[in-house]
**Q** 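The structure follows.
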Amino acid sequence: MQLDGKINRRDFLKDLGVLGGGLLVATSPWLSAFADVDKTAGEKLRMGIIGPGSRGQFLMSFLAKNPKVEIVALADVYQPSLDEAQKIAPEAKIYHDYKQLLDDKNVQAVLVATPLHTHCQIVLDAFDAGKHVYCEKTIGYTMEESKRMYDKHVETGLVFFTGQQRLFDPRYIKAMEMVHQGTFGEITQIRAYWNRNGDWCRDIPGHPATPHLAKRPVGEKLTLLDGRTVDADRFINWRLYSDSSRGVMTELACHQLQVGTWALGKMPEKVMGHGAITYWKDGREVYDNIQTIYTFNDGKKMSWGSDIANKFYGLEEQILGSLGTVEPEMGKYYFEDVDPAPAFLQMINDWEQQIFGSSAFAGTSWAPETAADAGGEYILGERPDNDGTSLLTEAFVEASIKAEQPARIAEEGYYASQLCLWGHEAIEKGEILTFPEEFLIDYDVYGTKAVKAEEAEL
């Protein structure tokens, strides 16, 4: 099985030292989900897909290639989504009510890829039905919902994964290993952004394509498979409306804010931000231009912003240290002072070859250069095509077959979601907010402890 056109999954995991327990499992312990891949050979995880729309189908494309997965059921209220999903899983049973899918005793685990505002109840019901859950990020529509979902996972002991694929991205895995080893000195600031140039709209069936900057279509109706008649635009373009979406904060920031706390190993204490609709004035209700600043107890900062009317700078997380900088999305790192760099880079290169030497993408990345060139070095010798999604889905399968929750997966996903929702609240209130104590959970990595309800009220 291939991660992409170049990288064999098993070779990659072997190089990481995961098979048999190795070096990077210490700092990325969720990779231990793959420790027993040979022992689970021949086993099948019977999965149901709730919400096989565009994202659900993308994830299904990986699951369908996994010999340990059988997609046995699909649930949706929108026929076009089911039609496309059935091309991937033609033998799957079809349900128009997700609760009927959850009642199916043949289903062991579910993938939830429905609109944000529907996640919570579906996930709670899935846990109550005894199913392992992979829920697309952000997990909850509110901070309260996210806490209920996490608590239900803890209560049931069932496997809970969220769509934080950077935890399984080869670039990020090695970059964080280097960060935590002090390669780049003390990390003082994280600057993250995700920029696009597009209206983020999808066409309405039977309606002409929406012209540039036009008002959203009004009055178009859709009749769903469960008998409901709904506003077509609000159903198809749910990401644009505040009663079903939090906009780019939950759709994009969730990935990148988690990278910042992963690098710093702690949670921020305060957040401020501002958002506006500055360009796409077409009737949408969520912002197209956002900036946020998260501050930590030692004064360190993490910023996140998005502008979806200009794509020049794209997306990146810039991890700034006293000795160097990492840009994991680009897959590169840079040193502040070139003088000591060659010997140091040689040491890094030796380490790199020991861990990554037999992977197809892991050619040497050490090449001394002058500071004026400022071209940096590739973390893995080149920029891999894989973004971690394949490994993430495979890890969920392995964990669900064994019914064992890998360390830190649920907690990283939970706090990533809460950071987005907390930032959104700061924007809406126009205030500097402190992280609410009632949403803290026990997580030693970030040094947080859950606060009992009675304590939070005092």
**Q** Output yes when a side-chain donor or acceptor of Thr142 lies under 3.5 Å from a complementary backbone atom of Glu145, and no otherwise.
**A**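 At least one qualifying donor-acceptor pair exists.
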**Q** Take a 6.0 Å sphere around CG of Leu224 and say whether it holds more than 12 heavy atoms from other residues, nucleotides or ligands.
**A** yes
**Q** Whether Glu317 and Arg191 form a salt bridge (side-chain N of Lys/Arg under 4.0 Å from carboxylate O of Asp/Glu) is what I want to check.
**A** no
**Q** Between Arg234 and Glu285, does any NZ, NE, NH1 or NH2 come within less than 4.0 Å of an OD or OE carboxylate oxygen?
**A**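 Salt bridge present between Glu285 and Arg234.
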**Q** Please check if the side chain of Glu186 supplies one atom and the backbone of Ser322 the other of a donor-acceptor pair under 3.5 Å.
**A** no
**Q** Under the criterion side chain to side chain contact (heavy atoms under 4.5 Å, CB included), I'd like the reasoning laid out for Trp280 against Trp200: C-alpha separation, chi angles, the key distance, then a yes or no.
**A** CA-CA 9 Å; Trp280 296 107; Trp200 212 14; over 6 Å; no
**Q** Mind checking whether Phe62 and Phe58 have ring centres under 6.0 Å apart?
**A** yes
**Q** Looking only at the aromatic ring of each residue, does the gap between the centers of Trp30 and Trp262 stay below 6.0 angstrom?
**A**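 That pair passes the under 6.0 Å test.
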**Q** Taking the basic N atoms (NZ, or NE/NH1/NH2) and the acidic carboxylate oxygens, is any pair closer than 4.0 Å for Glu425 and Lys429?
**A** yes
**Q** Just do the side chain to side chain contact (heavy atoms under 4.5 Å, CB included) check on Asn237 and Ile204 with the steps written out, would you?
**A** CA-CA 9 Å; Asn237 287 308; Ile204 307 302; 3.9 Å; yes
**Q** Taking the side chain from Gln164 and the backbone from Cys254, do they hold a donor-acceptor pair closer than 3.5 Å?
**A** yes
**Q** Kindly indicate whether the side chain of Leu63, heavy atoms from C-beta on, has any atom under 4.5 Å from the side chain of Leu111.
**A**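 Leu63 reaches Leu111 side chain to side chain.
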**Q** Can you tell whether the side chains of Arg284 and Asp199 come within less than 4.0 Å, N to carboxylate O?
**A** no
**Q** Using a strict threshold of under 4.0 Å (side-chain N to carboxylate O), is an ion pair present between Asp128 and Lys152?
**A**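 Yes, Lys152 and Asp128 are salt-bridged.
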**Q** Quick one: do Asp444 and Lys449 make a salt bridge, cutoff under 4.0 Å?
**A**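 The answer is yes: the pair qualifies as a salt bridge.
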**Q** Have Arg202 and Ser54 got a donor and an acceptor in their side chains that come within less than 3.5 Å?
**A**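 There is such a pair between these side chains.
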**Q** What residues, two or more places apart in sequence or in another chain, satisfy side chain to side chain contact (heavy atoms under 4.5 Å, CB included) together with Ala399?
**A** Val159, Phe161, Pro406
**Q** Within 45° of the ring axis of Phe439 and under 6.0 Å from its six-membered ring centre, is that where the NZ or CZ of Lys147 lies?
**A**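 Because its charged atom misses either the 6.0 Å distance or the 45° angle limit, Lys147 does not stack over Phe439.
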**Q** Run the salt-bridge test on Glu398 and Lys68 with the 4.0 Å N-O cut-off and return the result as yes or no.
**A** yes
**Q** Can you name the closest pair of heavy atoms from Ile139 and His119 and give their distance?
**A** O-CB, 3.0 Å
**Q** Side chain to side chain contact (heavy atoms under 4.5 Å, CB included) for Tyr334 and Glu327? Distances and angles first, verdict last.
**A** CA-CA 9 Å; Tyr334 315 81; Glu327 294 182 336; 3.0 Å; yes
**Q** Below 4.0 angstrom, N of the basic side chain to O of the carboxylate: do Glu377 and Lys332 qualify?
**A**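 Lys332 and Glu377: not salt-bridged.
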**Q** Using the rule given for ring-ring contact (aromatic ring centres under 6.0 Å, His included), can you reason through Phe160 versus Phe127, listing the C-alpha separation, both sets of side-chain angles and the distance that settles it, and then say yes or no?
**A** CA-CA 9 Å; Phe160 189 28; Phe127 281 138; 5.4 Å; yes
**Q** Please determine whether the number of non-hydrogen atoms from other residues, nucleotides or ligands lying under 6.0 Å from atom NZ of Lys99 exceeds 12.
**A** no
**Q** Is the backbone N or O of Ala192 less than 3.5 Å from a side-chain atom of Gln256, with the two atoms forming a donor-acceptor pair by type?
**A** no
**Q** Does Ser146 form a side chain to side chain contact (heavy atoms under 4.5 Å, CB included) with Tyr414? I'd like the steps, not just the answer.
**A** CA-CA 7 Å; Ser146 297; Tyr414 169 79; 4.3 Å; yes
**Q** My understanding is that only residues two or more places apart in sequence, or in another chain, count here; which of them pass side chain to side chain contact (heavy atoms under 4.5 Å, CB included) with Thr250?
**A** Leu116, Thr138, Arg246, Cys420, Leu421
**Q** Please determine, by modelled atom types, if Tyr443 and Arg408 share a side-chain donor-acceptor pair under 3.5 angstrom.
**A**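 Note: Tyr443 and Arg408 side chains meet the donor-acceptor criterion.
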**Q** I'd like to know if the side chain of Ser417 reaches the main chain of Gly140, judged simply by a donor and an acceptor atom lying under 3.5 Å from each other, with no hydrogens or angles considered.
**A** no
